[in-house]
Q: 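Please find one structure pasted underneath; my questions will follow.
In what follows, every chain begins at residue 1, and chains take the letters A, B, ... in the order their sequences are listed. These values consider heavy atoms only, across backbone and side chains, with no hydrogens, waters or symmetry-generated copies. Given the structure is predicted, the values throughout are model-derived calculations rather than measurements.
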There are 2 protein chains.
Amino acid sequence: MSRMTDTRAALAAFSALSQETRLEAFRLLVKAEPEGLPAGEIARRLDVPQNTMSAHLSTLTGSGLVLSRREGRSIIYRADLTAMRGLTAFLLEDCCRLDRETSAPALACLAAAGCETDKNGAC
Amino acid sequence: MSRMTDTRAALAAFSALSQETRLEAFRLLVKAEPEGLPAGEIARRLDVPQNTMSAHLSTLTGSGLVLSRREGRSIIYRADLTAMRGLTAFLLEDCCRLDRETSAPALACLAAAGCETDKNGAC
DNA sequence: TCGATATATCCAGATATATGGAAATATAAT
DNA sequence: ATTATATTTCCATATATCTGGATATATCGA
């Protein structure tokens, strides 16, 4: 399920990214791939109280754009590039009116253009 | 200025697309390219009161994703595919960490993959 | 077990957004 | 001029979101 199948997921993703702190956090996490970052570190870097940041991270996680795992006392957050790719595909299918069959190679094309690839070869 | 240069524009765009009625309206407008649709028609198709729709269209216009022009008594709304492309590029630069120079051909690549092209050959 | 660290949850006030009735504006036709 | 049409603006209410203090939970080390 790497594709944003319904509007629901897209709405959640857009909503998550429509808040400054969350957008910054997400960009931070994308840059921090694939290691990810602990919640406290994110809060510190963005200079936001930890509980406020925690609420935002929860929103990001709920939107599907971010994943988390516990590691000792820390909780490590990671950007979910697959979901990100899905959101981009959703946008492309609207913007460029690409259908599913066409957008798949289009995304592969982006991968070829230099972006990070996962095990499936997509960006 | 076809590129989403700062976070401001991206935030406004994400915010505009994070509401169901607006997302539907935007998708409708993308499909209606390049003719566009009058406000009333959009309201009718989405079954939303015209003043409510007007407020949403105003938000979309303010975000830069949608353009409008008066035509007689009607006001015709159109999706701004250039802005749309900018938003996609913003996403790609985060997701795939493409820089400006790389994302340009990547977008052209998408155009080649079958999407609509404008006079500059981008999708 | 106790204290320290990392994070989440609870809660409430502040702020922003969504919604739609009523009235205003702009254009067109008669 | 008057009336009909298309849309916006005004305004108030309802709803959702943001924020951060206080507190709870979970894990680790001594």
Side-chain angles (χ1 to χ4, degrees), chain A residues 7-29 32 35-80, chain B residues 7-29 32 35-80:
Chain A
T7 14
R8 285 297 192 63
L11 275 172
F14 287 135
S15 183
L17 296 179
S18 71
Q19 205 278 340
E20 186 165 18
T21 302
R22 285 195 298 264
L23 182 56
E24 291 307 323
F26 184 70
R27 302 181 85 187
L28 212 52
L29 290 176
E35 298 82 13
L37 288 172
E41 177 67 16
I42 302 171
R44 213 169 307 118
R45 290 205 202 176
L46 299 184
D47 194 32
V48 170
Q50 68 85 206
N51 59 346
T52 300
M53 194 66 248
S54 176
H56 285 311
L57 288 171
S58 162
T59 299
L60 280 169
T61 301
S63 80
L65 287 171
V66 161
L67 300 171
S68 70
R69 69 173 190 279
R70 176 175 284 276
E71 199 161 286
R73 293 175 258 206
S74 298
I75 294 192
I76 310 295
Y77 285 89
R78 286 192 56 186
D80 184 339
Chain B
T7 16
R8 284 297 191 65
L11 275 172
F14 286 135
S15 183
L17 296 178
S18 71
Q19 205 280 338
E20 186 164 18
T21 302
R22 285 196 299 263
L23 182 56
E24 290 308 322
F26 185 70
R27 302 181 85 186
L28 211 53
L29 290 176
E35 298 82 14
L37 288 172
E41 177 67 18
I42 302 172
R44 211 169 308 117
R45 291 206 203 175
L46 298 184
D47 193 33
V48 171
Q50 49 89 21
N51 58 347
T52 299
M53 194 66 248
S54 177
H56 285 310
L57 288 171
S58 163
T59 299
L60 280 168
T61 301
S63 79
L65 288 171
V66 161
L67 301 171
S68 71
R69 69 173 189 281
R70 177 175 283 276
E71 198 160 285
R73 301 177 250 207
S74 298
I75 293 191
I76 311 294
Y77 285 90
R78 286 192 55 185
D80 184 340

Q: Give, for atom CG of B:L60 and atom CG of B:L65, the distance between the pair rounded to the nearest 0.5 Å.
A: 6.5 Å
Q: In whole Å, what is the span from the CG atom of A:L11 to the P atom of D:dT17?
A: 12 Å
Q: Base, sugar-phosphate, or nothing: which does A:S74 touch, judged by heavy atoms less than 4.0 Å apart?
A: sugar-phosphate
Q: Find the distance B:R22:CZ to C:dA16:C1' and express it as a whole number of Å.
A: 12 Å
Q: Let me know, please, whether B:S18 or A:L57 comes out on the 5' side of the other along DNA chain C by nearest nucleotide.
A: A:L57
Q: Expressed as a whole number of angstroms, how long is the span from A:L60:CG to D:dT17:P?
A: 14 Å
Q: Provide, to the nearest angstrom, the distance between the CD atom belonging to A:Q19 and the P atom belonging to D:dG20.
A: 11 Å
Q: Give the rounded distance in Å between these two atoms: CG of A:L46 and P of D:dG20.
A: 13 Å
Q: Could you tell me the separation between the CZ atom of B:R70 and the C1' atom of C:dT27, rounded to a whole number of Å?
A: 7 Å
Q: When you measure from the side chain of B:I75, which nucleotide among D:dT8, D:dT19, C:dT7 comes out closest?
A: D:dT8
Q: Provide, to the nearest angstrom, the distance between the CD atom belonging to B:E20 and the C1' atom belonging to C:dT17.
A: 15 Å
Q: What does A:R44 touch in the nucleic acid at a heavy-atom separation under 4.0 angstrom: a base, only the sugar-phosphate, or nothing?
A: nothing
Q: Which listed nucleotide (D:dT8, D:dG21, C:dT7) is nearest to the side chain of A:N51?
A: D:dG21
Q: Using a cut-off of less than 4.0 Å, is there contact between a side-chain N or O of A:Y77 and OP1 or OP2 of C:dA6?
A: no
Q: Distance check: side-chain N/O of B:T52 vs OP1/OP2 of C:dT19, anything under 4.0 Å?
A: no
Q: Looking only at non-hydrogen atoms, find the nearest pair between B:T21 and B:L46 and report the distance.
A: O-CD1, 3.8 Å
Q: Assign each of B:R73 and A:G72 to its nearest nucleotide of DNA chain D by heavy atoms, then name whichever residue's nucleotide is nearer the 5' end.
A: B:R73
Q: CE of A:M53 versus P of D:dC18: gap in Å, rounded?
A: 11 Å
Q: Rounded to the nearest 0.5 Å, what separates atom CD1 in B:I42 from atom CG in B:D47?
A: 14.0 Å
Q: Is the base of D:dT8 touched by the side chain of B:Q50 through a donor-acceptor pair closer than 3.5 angstrom?
A: yes
Q: State, with a plain yes or no, whether a side-chain heavy atom of A:E24 is found less than 4.5 Å away from one of A:R45.
A: no
Q: Let me confirm one number: the CG-OG distance from A:L11 to A:S63, rounded to the nearest 0.5 Å.
A: 11.5 Å
Q: Under 4.0 Å between a side-chain N or O of B:H56 and OP1 or OP2 of C:dT19?
A: yes
